[in-house]
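Data first, discussion second: the structure below is written as structure tokens.
Just so you know, these numbers come straight off a predicted model, no measurement behind them. A note on names: the letters A, B, ... follow the listed sequences, proteins ahead of strands, and every chain is numbered from 1.
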2 protein chains.
Amino acid sequence: MNNTHIELRHLRLLQAVAEAGGLTAAAERLHLTQSAVSHQLKSLEAALGLPLVERAARPAQLTAAGRRLLALAHAALPQVDAALRDLAKLKDGDAGELRIAVECHTCYDWLMPAMDSYRDVWPGVELDLLGGFQADPIALLLEQQADLVVTSDPTPRGGVTYAPLFGFEMLALLPPGHTLATKKWLLPRDFAEHTLITYPVPEDRLDLVRRVLAPAGVKPPRREAQLTVAILQLVASRRGLAALPAWAVAPYLERGYVVARPIGKHGLWAELHVAVRSADAGRAYLADFIDTVRRDSFARLPGLRPAIIQP
Amino acid sequence: MNNTHIELRHLRLLQAVAEAGGLTAAAERLHLTQSAVSHQLKSLEAALGLPLVERAARPAQLTAAGRRLLALAHAALPQVDAALRDLAKLKDGDAGELRIAVECHTCYDWLMPAMDSYRDVWPGVELDLLGGFQADPIALLLEQQADLVVTSDPTPRGGVTYAPLFGFEMLALLPPGHTLATKKWLLPRDFAEHTLITYPVPEDRLDLVRRVLAPAGVKPPRREAQLTVAILQLVASRRGLAALPAWAVAPYLERGYVVARPIGKHGLWAELHVAVRSADAGRAYLADFIDTVRRDSFARLPGLRPAIIQP
DNA sequence: AGTTCGATATGAGTATTGTTCATGTAAGCA
DNA sequence: TGCTTACATGAACAATACTCATATCGAACT
């Protein structure tokens with residue numbers, strides 16, 4: 001009689017809709033089509049005899065029934081994950097070594113908290129963060145100096161397996177009150193007359209230069225700074241413009257310290273991936289680290305979207 | 001990577017296997033074939049890369065991995081049920097009236113505790129137990145005197161909807177040391193020379209008489225008693241034989257007060273069903289009462305099996 | 001108003017996966 | 001050693017989840 005055939009899939013769906021704020025965005029996160037999400041939600045609502053999502057509102061609002069089911073999802077899904085983790089430990093053991101190399105300056109912002117959550121559930125894994133900027137971190141991987149690399153360039157290489165983390169937007173930063181702040185988004189020529197403030201990395205590693213300015217033939221003067229705060233300080237004091245990931249500047253935007261604009265009409269989007277040795281790809285503690293980072297990032301960082309590029 | 005596609009279905013399966021003590025028994029409870037259960041379990045084990053059930057042992061033993069997943073099931077499934085109940089309340093309201101009529105003397109044994117658990121989750125429903133033995137309780141249902149009837153006879157009647165509760169075995173009771181106790185099971189003629197002690201109901205309501213003794217032309221003398229303990233006392237003091245549901249006599253068997261034997265090689269099995277007015281069948285508080293009773297009974301009563309008879 | 005754009009809905013077709021049916025195999029018990 | 005009970009297996013079938021292509025809807029902007 002009360003044969004409501006609800007499944008974990010439905011809970012994950014509802015959670016994704018709530019977190020992503022819409023069916024379409026949820027579909028991307030779940031690696032499904034928008035149609036699949038719509039159909040699935042509809043059939044669930046039909047089975048329950050109750051609407052779960054207020055379709056009109058944006059971002060999509062859950063109904064009272066939807067919120068009750070979401071509460072169930074929040075209670076149950078972590079338990080499921082924990083159980084699967086325990087099973088993985090039963091299978092492969094709960095110890096391991098995980099030396100992480102990062103090729104991106106701002107990545108520490110989200111990597112450190114993610115590592116903290118990870119440590120809680122895999123206390124047996126020895127976590128290490130390799131210091132210093134690495135020119136070719138993938139080499140470290142193959143030389144067994146590192147076990148996991150965070151990179152923005154998932155070009156296939158022998159013996160290396162990539163997994164996508166997320167896509168994020170690079171925002172152009174202007175001092176408050178700057179003339180360009182009147183525009184909704186910036187074009188390559190808007191950078192021409194300004195100094196570009198960047199981390200100390202080669203030009204071909206800068207997405208803004210490589211994918212936007214260079215193709216347009218714009219070559220602004222550059223000035224380098226080591227730290228994110230230093231870059232922001234230089235922008236705020238009108239020494240030039242910069243481009244940083246949305247998540248890295250969100251706190252400064254809130255305080256009005258600098259102003260951000262998309263680069264190009266659709267924005268400049270970049271992605272992060274992790275690389276591991278293919279031989280290690282099956283290890284549970286490694287796979288779960290990647291899951292943890294991804295989950296943690298989507299929960300913590302603003303303006304993420306799923307990665308699209310296939311290695 | 002860690003894409004273990006586990007679903008609530010799997011948890012319910014594992015719980016059924018653990019409770020029923022075997023794949024075949026679990027299949028019956030889930031209203032599936034044994035084959036389906038075997039396939040499903042196998043695919044789950046393959047997905048996890050771990051065996052969950054020790055097939056050799058009887059009753060089927062869970063492995064460490066199986067026990068971990070079972071723990072998850074015990075934690076998660078009640079939360080799911082609670083959520084579905086809340087949704088049902090959102091949909092249909094949380095109040096109602098539920099007057100229960102019972103046509104079986106021993107049913108109070110399990111009905112009262114089940115009503116107690118039910119009261120906890122549906123405090124808004126007014127529960128009433130109609131007293132006295134009813135000749136035709138279905139009539140009460142149609143006259144709006146009762147809202148739910150427990151019966152062993154689900155013959156279709158207009159305006160009445162039946163739902164199966166469970167099947168149970170009627171055991172013949174002998175005093176300890178009785179000659180018949182040497183047999184593994186009793187045959188109709190074994191009853192011929194003994195007084196049959198029963199509740200005060202017409203003969204055609206006694207399964208033993210109707211389905212076993214009458215067809216064999218055996219007509220033993222009868223003696224009636226109102227209470228279960230009285231019947232047991234009479235058997236123990238060698239005034240005759242009786243037949244009662246296995247669950248009703250289990251505590252007395254443990255203490256060796258009486259001895260029980262199956263009736264016929266395969267035992268005499270009876271079933272209980274509930275009847276509600278078809279107009280009410282959709283009401284959430286009613287449907288959930290039936291679920292509660294069924295769950296509660298299987299958890300509490302020994303030797304149950306799913307009902308087979310279709311109304 | 002009309003147009004455009006982003007988001008959701010829908011219907012038909014396909015793919016996947018769950019279930020049954022009909023057997024086969026292994027282990028426990030007279 | 002047969003008999004019985006429980007589980008496994010493979011092929012056929014059924015259910016259902018997903019995608020593709022397209023329609024509809026609503027808000028924002030001329």
*Give the rounded distance in Å between these two atoms: CG of B:Leu52 and C1' of D:dC7.*
15 Å
*Taking only residues two or more places apart in sequence, or in another chain, which ones meet B:Phe166 in a ring pair (Phe, Tyr, Trp, His ring centres under 6.0 Å)?*
B:Trp110, B:Trp247
*Listed by chain and number, what are the ring pair (Phe, Tyr, Trp, His ring centres under 6.0 Å) partners of B:Phe191, not counting sequence neighbours?*
none
*asked:* For B:His194 together with B:His178, are the ring centres under 6.0 Å from each other?
replied: yes
*Of A:Ala25 and A:Lys265, whose closest DNA chain C nucleotide lies nearer the 5' terminus?*
A:Lys265
*So how far off straight is the helix from C:dA1-D:dT30 to C:dA30-D:dT1, going by the axes through five pairs at either end, to 10°?*
30°
Under 3.5 Å: donor-acceptor pair, side chain of [X], backbone of [Y]:
{"X": "A:Arg211", "Y": "A:Trp269", "result": "yes"}
{"X": "A:Tyr162", "Y": "A:Pro156", "result": "no"}
{"X": "A:Glu169", "Y": "A:Pro262", "result": "no"}

*side chain to side chain contact (heavy atoms under 4.5 Å, CB included) involving A:Ser152 - partner list, sequence neighbours excluded*: A:Glu103, A:Leu272
_Can you list everything that forms a side chain to side chain contact (heavy atoms under 4.5 Å, CB included) with B:Asp190? Sequence neighbours excluded, please._
B:Leu180, B:Lys183, B:Leu186, B:Leu187
Identify each donor-acceptor pair in which a side-chain atom of residues 63-76 of chain A lies under 3.5 Å from a protein atom, sequence neighbours left out, and give them as a table.
unit_1  : atom_1 : unit_2  : atom_2 : d
A:Thr63 : OG1    : A:Pro51 : O      : 2.8
A:Thr63 : OG1    : A:Leu52 : O      : 3.2
A:Thr63 : OG1    : A:Ala65 : N      : 3.4
A:Thr63 : OG1    : A:Gly66 : N      : 3.1
A:Arg67 : NH1    : A:Leu62 : O      : 3.1
A:Arg68 : NE     : B:Asp86 : OD2    : 2.7
A:Arg68 : NH2    : B:Asp86 : OD2    : 3.2

Between protein and nucleotides 25-30 of chain D, what N or O pairs are separated by less than 3.5 Å?
none

*For nucleotides 10-20 of chain D, just jot down a letter per nucleotide in 5' to 3' order: B, S or -, based on protein non-hydrogen atoms under 4.0 Å.*
BB-----SSBB
Residues 20-34 of chain A, side-chain donor-acceptor partners within the protein, below 3.5 Å, at least two apart:
unit_1  : atom_1 : unit_2  : atom_2 : d
A:Arg29 : NH1    : A:Glu19 : OE1    : 3.2
A:Thr33 : OG1    : A:Ala36 : N      : 3.2

*Hey, is the side chain of B:Arg55 poking within less than 4.0 Å of OP1 or OP2 on D:dA8, counting only N and O atoms?*
yes
_Nearest-0.5 Å distance, CG of residue A:Leu90 to CZ of residue A:Arg85_ = 13.5 Å
*With sequence neighbours left out, what residues match B:Arg300 under side-chain hydrogen bond (donor to acceptor under 3.5 Å, both in side chains)?*
B:Asp296
_Inter- and intrachain pairs under salt bridge (charged side-chain N to carboxylate O under 4.0 Å, His left out), touching residues 46-56 of chain A, at least two apart_ = A:Glu45-A:Arg55
*Which is the 5'-most and which the 3'-most nucleotide of DNA chain C that has an atom under 4.0 Å from a heavy atom of chain B?*
C:dG18 to C:dC21
